[in-house]
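See structure below.
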Amino acid sequence: MNKPRSVLLLVITLLFIANHSWAQKRPGELSLKSAFSGKFEIGAALNLRQIYERDEQAAALINAQFNSITAENCMKAMYLQPKEGEFNFKDADRFVELGEKYGMQLIGHTLIWHSQAPDWFFIGKDGKEVTREILIERMRKHIQTVVSRYKGRIKGWDVVNEAILDNGDWRQSKFYQIIGEGFIELAFQFAHEADPDAELYYNDFSMSQKGKREGVVSMVRKLKDNGVRMNGIGMQGHLSLEYPSLADFEASILEFSSLGVKVMITELDISVLPMPGPSQGAEVSTNYQYDQVLNPYAEGLSAAVESKLANRYKDFFALFLKHHDKIDRVTLWGVTDADSWKNNWPVRGRTDYPLLFDRNYQAKPFVREIIEMAKE
Ligand code: G3I
């Protein structure tokens, strides 16, 4: 083989090895899933590009690092039942097949949520708001059609998402206004009837807030007192460099676990960007005008912010490891920084760095330290 061709081949091989570095895990290299095995599952939320494996590097990373997956959007009601009685399971089926192909734990997100619920859910044929009876029947049909389709294949469902406000009050969602508090018990009952072996969860954000914690505890206690099957509480974990305090987060882990249910960190990300407004949580409807001052790291992170992020992640994973007897799963809300919803919330078009893998599919330097912590 002539000289220039062998040099070219060598360059290509070196490039391939460089690109397929640690994140895609060479044999013997520790991955997140092997580091945390026996402690808690480690998962990621997948978007459609990843569910259809249209991104080879992401596919390799997901398979190497994670043992649990959640669909970021395609299992939400507006996508599964866009019109009454018309179910569209194409993407969700693919998501479940992908998980089974790689032997992953599958999490169903989410059956009943005030956001991304199709408008027709709440409107009658007469164009007026539906009655309590009709909405209950629509909830039952949606939940039981979806849950029974994946019976025995989905480990657990986020049955109800974000029904309690930060001050502990019930969110004034259409479900709550039309049915009342009872909608949550009905949702869990319908899901349990459709798949008696599936785990059933309540999922919410800002769960370290005292008001929210107390509101969720009293709601879950009522469900359990009424004999409703309820297996776990999901703390979404949309965090920032300053908010919330570790102590508040730990207090919620302990309080929720004391109810005799599993605790899961279900949508973990740590934003480095300034929050334009007072609210911290993950109220999806929040939206602020773009302004360059709100997007300070478009060209890259300063070393100071990088180390703040590293310390924040290490602190939280140390907390999760400390309570691994109570925590069943930690799911990152996205695979790489490029995938994160935080690039477009609450301001569209920003550059955030909230996850463990960067835009080149590389593990951030502190990930190796987190893995060392797990070994200890
Ligand atoms: O599917 C349409 C596509 O057809 C259209 O071209 C595109 C144009 O903007 O929008 C696409 O829909 C977007 C959808 O994500 C799929 O990408 C919606 O606009 C966008 O609002 C939606 O955002 C999702 C958000 O939930 C919606 O509420 C985020 O990806 C997703 O990360 C986020 O996840 C939620 C959890 O489910 C619950 N907890 C909070 C968390 C963050 O908001």
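Heads up: numbering here begins at 1 and tracks the sequence. Every number for a ligand or one of its atoms is a count from 1 in the order of the listing. What you see is a predicted model; the values in this text were computed from it and never measured.
- Between Asp93 and Tyr150, some side-chain heavy-atom pair lies under the 4.5 Å cut-off.
- Here the protein heavy atom with the shortest distance to atom 15 (O) of ligand 1 is Asn73 ND2, 3.5 Å.
- A salt bridge does not link Glu72 with Arg49: none of the charged nitrogens is closer than 4.0 Å to a carboxylate oxygen.
- The ligand atoms of ligand 1 that sit less than 4.0 angstrom from a heavy atom of His109 are 36 (C), 37 (O), 38 (C).
- Between atom 35 (C) of ligand 1 and the options Gln236, Lys76, Met75, the minimum heavy-atom separation is to Lys76.
- Counting only heavy atoms, the protein gets under 4.0 Å from atom 31 (C) of ligand 1.
- The single protein non-hydrogen atom nearest to atom 9 (O) of ligand 1 is Arg348 NH2, 4.5 Å, given as residue, atom name and distance.
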Criterion side-chain contact (heavy atoms from CB on, under 4.5 Å) on Phe357 and Gln362, from CA distance to verdict: CA-CA 5 Å; Phe357 298 91; Gln362 302 311 310; over 6 Å; no

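- In Phe205, neither the side chain nor the backbone holds a heavy atom less than 4.0 Å from any atom of ligand 1.
- If you chain together ILVMFWY residues whose side-chain heavy atoms come under 4.5 Å of each other, Met264 ends up grouped with Ile107, Tyr201.
- Residue contact check: Asn161 has heavy atoms under 4.0 Å from atoms 38 (C) of ligand 1.
- Considering only non-hydrogen protein atoms, atom 21 (O) of ligand 1 sits nearest to Gln116 NE2, 5.0 Å.
- Closest to atom 43 (O) of ligand 1, if we only count protein heavy atoms, is Val284 CG1, 2.7 Å.
- Contacts between Trp333 and ligand 1, counted as non-hydrogen atom pairs separated by less than 4.0 Å, involve the side chain only.
- Atom 4 (O) of ligand 1 is never approached by the protein to below 4.0 angstrom, counting heavy atoms only.
- Protein heavy atoms are absent from the 4.0 Å sphere centred on atom 7 (C) of ligand 1.
- Judged purely by distance below 3.5 Å, without hydrogens or angles, the side chains of Tyr102 and Asn67 never pair a donor atom with an acceptor atom.
- Using a 4.0 Å cut-off to heavy atoms of Glu162, the atoms of ligand 1 that qualify are 38 (C), 39 (N), 40 (C).
- Tracing side-chain contacts under 4.5 Å through hydrophobic residues (I, L, V, M, F, W, Y), one never reaches Ile184 starting from Phe205; they form parts of separate clusters.
- The number of heavy atoms from other shown groups lying within 6.0 Å of NZ (Lys210) does not exceed 12.
- Under the 30°/60° scheme for interplanar angles, the aromatic rings of His142 and Phe121 are found to stand perpendicular.
- With respect to atom 40 (C) of ligand 1, the closest heavy atom belonging to the protein is Glu267 OE1, 3.3 Å.
- Across Asp269, Asp158, Asn161, a single residue satisfies side-chain hydrogen bond (donor to acceptor under 3.5 Å, both in side chains) together with Gln236, and that is Asn161.
- Considering Trp341, Trp113, Trp345, Tyr79 only, the shortest heavy-atom separation from atom 18 (C) of ligand 1 involves Tyr79.
- Taking the six-membered ring where tryptophan is involved, the planes of Trp333 and His238 are perpendicular, since the angle between them exceeds 60° and thus also 30°.
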